[in-house]
Structures are given as structure tokens and as C-alpha cells.
Visitor: 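Mind looking over this structure? Questions follow.
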Amino acid sequence: MTIYYVDYENVHAGVDGVDKLTPEDTVRVFYSPKADTMRIAFVEQALNASCKIELISVDNGTPNALDFQLVAWLFSELPKGEAEHVIVSNDHGYDAAIRMGVRLGFPEVRRVSCIAEALGVPVTQLDEPAGKRRGGSRRGGSRRRGAAAVEAVEAAEVAEAAEVAEAAEVVEAVEAAPEAPVEEPEAVEEAVVAEAAAEEVPVQEPVSELQAAVEEVAEEAPKPRRNRRRRKAAKPDDTAAVRELLSARGITLLDDQLSVVVKSAQATTNKQEFYRTIIQKLGQKQGLSVYGQVKALFKEIVEALQA
């Protein structure tokens, strides 16, 4: 299942390949009054497509307004499930937002120039106009078209450079902001467990600043519920139960990896939080390897720990 976010102001040809998607895929085309017409080639592909297509009109009163609204919608959707998210645009400014999301623990998002590129299928030049010849003589018309093409390319390069510079300034400002002191994960975990045992109340994990900001901007996206179950300290029996469950499926983990899986399952209520906790404790490379082995057994692990 993949969700594509098409920046239609930037790439009209970004929808190329939509007819190759599956019913589980979704294409969200973000358009504005500056780009609200669709070519016949896209209409033909859309009519033959089996995926879900959403046309999203955005407010466009300021520069890059569509880009910011697309990113807000995208990051509001990331915590909700296992779908892959892909930005369809030639605008390199999105790369800075993607890198910042990875630094904050969100899954990495791909950026491609069109859907066909993401699927690895031949690309059709939908932006190629089937137009009429204009001008007087063939030589004069060719010269005028050549000069107009050069001017258009130069203007596009200047606009793209300005967008990249603006995105870089935003990222530098965020990176320069003072960060709150971060406590060691083990110390935080011991403190949370001790507090839960003493007061006998459910423990709630604080919402990240980025997620809170995204949920405030993306008014159309439903806000996730934050009810958490009480966390209990890991016991030898818990570890043994999970080890037995994994062994039955042919999965063998190191002791420290198994301990992280048990503690993460006890501390979370859904796969997204389970994934983040494992990545936080084991790091990106080792965490992805461990999560990839156990994600399909998340519910069974939780049930084994609750037994």
C-alpha cells in the first residue's frame, strides 16, 4: 500500500503511471488556481486506474503555499499505519523536510519526479504539448522557440534555486534553536516504571513537538487518540514467553534485542509507537532489522505479555 502526494504545480507529468497502481494505493493530487487544468493524457490514465484518486484544492496566497500544505498533510499521516509515502515533485526543497522528519524519528519518505519512476516502468512525457507550429518561416519560428525555451529554463532554475535557499534557511533556523536536555533512555524508563508502580495510574507518553504542530495545521486529518495502557516492569517469564513465540516462527534475537522488543511492546499500544521505541533504543540500522523480523507478530507479542 502506497500513498502518493503529487505537487501538481511543479509536475503535471507526475501522475504518469497512475494506471499501473493497485486498488490498495492512493494518489492525492494537490492543485491550486495556478495549476488547475489536466491534460487529456492524465484523464485517460485516471479513467483506467484502479487506485483511489483524491483531488485536493489548496489555498495559494503566498509563495510555496502548496508545498507547505502538502508536507503538513503528509506528516499528519505518517504515524497512522504501515503505508509507504512518496512525494511526487522535482522540487528539491522537500528533501530538507524529509531529512528533518528522519532526524525526529519518522520513517523516510521518497521523492520522485513521477509515479512511473517510483514503479520502475517506462515514463510517458505527459507535459509534451501536441501543439501547432507558430511563426512565419521555419527558421524564424525555430529561433523564437529556441530563445523562449532558454528563457523558460533559466526562469525555472532561478525559481528552484530560490525555493531551495528558502528551505535551507528554515532548516538552519530549526537546527539553531536550543534543544531541551535529553535524559538517558534507561533512566527515563526506570523513572516511568517506578512512578506507575507507586501511583497505579496509566502512563502517557508525551506528544512530540512536530506531531503536535502537524496535527494543529492539518485540520482535515483526524487527531489520534492517546489512551495508553498501564506499563508493567518486564519479568523473566515475559522474556521467556516472547522468546518461545519467536522461536516457534524461526526468529532468533540476541538477549539485548529481545529485551528491547519486550519492553517496547509493554510500553506501546500500536505498531507505529512500537517501531519508534525500537529505533530509539537500538539505533536506525539495528532497529530496522529487528523491527522487520517481529512487526508481523506485534499483536501476538502483546497478548503473550498480557497472559
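Numbering of residues begins at 1 and proceeds along the displayed sequence.
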Visitor: For the pair Arg111 (side chain) and Ser89 (backbone), establish whether a donor and an acceptor sit closer than 3.5 Å, ignoring hydrogens and angles.
Guide: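 Checking the backbone N and O of Ser89 against the side chain of Arg111, a donor-acceptor pair under 3.5 Å is found.
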
Visitor: Taking atom CG of Leu47 as the centre, report whether more than 12 heavy atoms of other residues, nucleotides or ligands fall under 6.0 Å from it.
Guide: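 Enclosed: over 12 neighbouring heavy atoms sit under 6.0 Å from CG of Leu47.
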
Visitor: I need the minimum non-hydrogen distance between Gly101 and Phe75, along with the two atoms involved.
Guide: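 It is CA-CE2, 3.7 Å.
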
Visitor: Do you know the tightest heavy-atom contact between Gly105 and Tyr275?
Guide: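 Heavy-atom minimum between the residues: O-CE2, 4.1 Å.
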
Visitor: Asp59: which residues meet the salt bridge (Lys or Arg N to Asp or Glu O under 4.0 Å) condition with it, sequence neighbours left out?
Guide: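 Counting only residues at least two positions away or on another chain, Asp59 forms no salt bridge (Lys or Arg N to Asp or Glu O under 4.0 Å).
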
Visitor: For Leu55 and Tyr31, run side-chain contact (heavy atoms from CB on, under 4.5 Å): C-alpha distance rounded to whole Å, both residues' side-chain angles, the deciding distance at 0.1 Å, then the answer.
Guide: CA-CA 7 Å; Leu55 304 179; Tyr31 69 97; 3.9 Å; yes

Visitor: Hey, mind stepping through Glu108 and Gln284 against side-chain contact (heavy atoms from CB on, under 4.5 Å) and telling me if it holds?
Guide: CA-CA 11 Å; Glu108 186 170 0; Gln284 187 77 13; over 6 Å; no

Visitor: Could you tell me which non-hydrogen atom of Ile115 sits nearest to which non-hydrogen atom of Tyr4, and how far apart they are?
Guide: CG1-CD2, 4.0 Å

Visitor: So does Arg243 pair up with Asp255, basic N to acidic O under 4.0 Å?
Guide: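 A salt bridge links Arg243 with Asp255.
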
Visitor: How many angstroms lie between atom CD1 of Ile251 and atom CD of Gln257, to the nearest 0.5 angstrom?
Guide: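 Answer rounded to 0.5 Å: 11.5 Å.
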
Visitor: Return a table of donor-acceptor pairs under 3.5 angstrom between the side chains of residues 294-302 and protein atoms on other chains or two or more places apart.
Guide:
from	atom 1	to	atom 2	distance (Å)
Glu300	OE1	Arg249	NH2	2.9
Glu300	OE2	Arg249	NH2	3.0

Visitor: Under a 4.5 Å cut-off applied to non-hydrogen side-chain atoms, are Glu9 and Phe30 in contact?
Guide: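 The answer is no, as the side chains (C-beta and beyond) never meet within the 4.5 Å cut-off.
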
Visitor: To the nearest 0.5 Å, tell me how far Leu254 CG sits from Ser259 OG.
Guide: 12.0 Å

Visitor: Please identify which of these residues, Val11, Val15, Asp16, meets the side chain to side chain contact (heavy atoms under 4.5 Å, CB included) condition with Val88.
Guide: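 Of all the options given, the one that passes is Val11.
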
Visitor: Do Thr22 and Asp25 pair up side chain to side chain, a donor and an acceptor below 3.5 Å, judged on atom types alone?
Guide: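 Result is yes, a qualifying pair exists.
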
Visitor: Measure from the side-chain N and O atoms of Ser76 to the backbone N and O of Trp73, and report whether any donor-acceptor pair falls under 3.5 Å.
Guide: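 Looks like yes, one N/O pair under 3.5 Å.
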
Visitor: Hey, is the main chain of Gly17 close enough, under 3.5 Å, to the side chain of Gln45 for a donor-acceptor pair?
Guide: yes

Visitor: Could you please spell out the steps behind the side-chain contact (heavy atoms from CB on, under 4.5 Å) verdict for Val18 and Cys51?
Guide: CA-CA 8 Å; Val18 67; Cys51 65; 3.7 Å; yes

Visitor: Rounded at 0.5 Å granularity, tell me how far CD1 in Ile87 sits from CD1 in Ile3.
Guide: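 Separation between the atoms: 12.5 Å.
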
Visitor: Counting only N and O atoms by type, is there a donor-acceptor contact under 3.5 Å from the side chain of Glu117 to the main-chain atoms of Ser113?
Guide: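 Yes; at least one donor-acceptor contact below 3.5 Å.
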
Visitor: With no hydrogens and no angle check, is any side-chain donor or acceptor of Gln280 less than 3.5 Å from a backbone partner on Arg276?
Guide: no

Visitor: Would a 4.5 Å heavy-atom cut-off, applied to side chains only, mark Leu66 and Lys34 as touching?
Guide: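 No. Closest side-chain heavy atoms not under 4.5 Å.
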
Visitor: Can you find a pair of side-chain heavy atoms, one from Leu305 and one from Val262, that are under 4.5 Å apart?
Guide: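 The answer is yes, as the side chains (C-beta and beyond) meet within the 4.5 Å cut-off.
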
Visitor: Any donor and acceptor pair, going by atom type alone, linking the side chain of Gln286 with main-chain N or O of Gly283 inside 3.5 Å?
Guide: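 Between the backbone of Gly283 and the side chain of Gln286 there is no qualifying donor-acceptor contact (under 3.5 Å).
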
Visitor: With rounding to the nearest 0.5 Å, note down the distance linking CG in Asn10 to CG in Asp67.
Guide: 7.5 Å

Visitor: Just how far is it from atom CD of Gln69 to atom CD1 of Ile56, taken to the nearest 0.5 Å?
Guide: 10.0 Å

Visitor: Could you walk me through whether Tyr94 and Leu70 pass the side-chain contact (heavy atoms from CB on, under 4.5 Å) test, one step at a time?
Guide: CA-CA 10 Å; Tyr94 289 109; Leu70 185 152; 3.9 Å; yes

Visitor: If you compare all heavy atoms of Gln293 against all heavy atoms of Thr252, which two are closest, and at what distance to 0.1 Å?
Guide: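 Closest heavy-atom pair between Gln293 and Thr252: OE1-O, 4.4 Å.
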
Visitor: If every non-hydrogen atom of Cys114 is compared with every non-hydrogen atom of Ala13, which pair is closest and at what distance?
Guide: CB-O, 3.4 Å

Visitor: Same cluster or not: Val102 versus Leu74, using hydrophobic residues (I, L, V, M, F, W, Y) connected whenever any side-chain heavy atoms lie under 4.5 Å apart?
Guide: no

Visitor: List the atom of Leu119, the atom of Lys20, and the distance in Å for their closest heavy-atom pair.
Guide: CD1-CB, 3.7 Å

Visitor: Would you compute the distance between atom OG1 of Thr2 and atom CD of Glu84 and round it to the nearest 0.5 angstrom?
Guide: 4.5 Å

